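As structure tokens, the structure follows; a few thoughts come after it.
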Protein chains: 2
Amino acid sequence: MTLDATDKKILQLLQEDSKQTTKALSLKLNLSVTAIYERIKKLEREGIITDYVALVDPELLNAKLTVFCQVSLVQHTEDIVKAFETDILKFHEVVSCFHVSGDNDYLIKVLVPNMKAFRQFMVKKLTSLKYLGSTKSSFVMNTVKDSTAIPIT
Amino acid sequence: MTLDATDKKILQLLQEDSKQTTKALSLKLNLSVTAIYERIKKLEREGIITDYVALVDPELLNAKLTVFCQVSLVQHTEDIVKAFETDILKFHEVVSCFHVSGDNDYLIKVLVPNMKAFRQFMVKKLTSLKYLGSTKSSFVMNTVKDSTAIPIT
DNA sequence: ATTGAAACACCCAAGAG
DNA sequence: CTCTTGGGTGTTTCAAT
């Protein structure tokens, strides 16, 4: 599917604020409400827009500590990779998990209320996985930016 | 502000799907439409719900390469930290930037269409910052999980 | 927290460019 | 094919209880 400038603008605007009405969008883009509506439906149908979600303030929800862990596995067999990718999904503290190139195998993002909870996560959950090699943790001291919007080229 | 079980459930549901109607929520939670409505408005007013956004598929939007860069600065003076945190916001390829503890100073997440664009970003933008020390890049080979939902405790 | 009612947005049909 | 106009349906919002 090929996106024109109007589609791109719609995506940009909805990535910033999905609650704005089709009417508001129609005024910004000088189109009728229905034209906008049909374009949005198409973007949803094509799988370009995947979800509409509410974002919440982690600080206010007791997720005061964000930690990135670089994880290495003892081996890189398909079995172990599969097992890790299945097991990691069971830990609700892990909000992101990427298989990456470089010195380590995985980069995971962990959200917990405090250091005690992080310790619990490490001891009881992450490092209790048999096939786990090493882990290295980086604690987030300040979030400069953390956007869900994808740059549209 | 203290959240009861109903508030937490609402937050959980809206973090998964913000397009569901208050009526749908009212059925799931056995409350009236207005009761749900008032709770949501309160969560917005208190700043717990910060935004409603559309999520899009990066693959379909020409953001085929995700790279995490571990960045170190030459010094850690307040001036340099400030400068970096200002400058990094100007690069639209950088969707996230965290000041972290550990071997490096910052962890940034970069989204680009391809390797050529990444090279351009590194050469023309990131490493052209005078105060930049070292960088180490990890390329994402597979995204196992990447959720915007914060675990509610 | 609920009911009920007004205002509004969404969504579809029909038709124009 | 994508656009616009117009109207029915359902949702949001608010007042009263």
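All values derive from a computational prediction rather than experimental measurement.
- Separating the CD1 atom of Ile40(B) from the P atom of dT13(D) is a distance of 9 Å, rounded to the nearest angstrom.
- Leu3(A) pairs in a side chain to side chain contact (heavy atoms under 4.5 Å, CB included) with only one of the listed residues (Ile10(A), Ile152(A), Leu43(A)), which is Leu43(A).
- Counting to the nearest Å, the P atom of dT5(D) and the CG atom of Leu31(A) are 11 Å from each other.
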Item to complete: Output, in order, the C-alpha distance, side-chain angles, deciding distance and verdict of side-chain contact (heavy atoms from CB on, under 4.5 Å) for Gln70(A) and Leu107(A).
Response: CA-CA 5 Å; Gln70(A) 299 174 66; Leu107(A) 179 66; 3.9 Å; yes
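- Ring geometry for His99(A) versus Tyr106(A): interplanar angle under 30°, hence parallel rather than tilted (30 to 60°).
- The environment of Lys124(A) atom NZ is sparse: at most 12 non-hydrogen atoms of other residues, nucleotides or ligands sit within 6.0 angstrom.
- Nearest to the side chain of Lys42(A), among dT2(C), dT2(D), dT4(D), sits dT2(D).
- At whole-Å resolution of the value, OH in Tyr52(B) and C1' in dT11(D) are 14 Å apart.
- A 4.5 Å side-chain heavy-atom check between Asn104(B) and Ser138(A) finds every atom pair outside the cut-off.
- No donor-acceptor distance shorter than 3.5 angstrom exists from the side chain of Thr34(B) to the backbone of Tyr37(B), with no hydrogens or angles considered.
- Distance Leu29(B) CG to dT2(C) C1': 16 Å, rounded to the nearest Å.
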Discussion item. So if I define the base as every atom that isn't primed, P, OP1 or OP2, how would nucleotides 4-14 of chain C read as a B/S/- string at a heavy-atom cutoff under 4.0 Å?
Written reply: B----SSSBB-
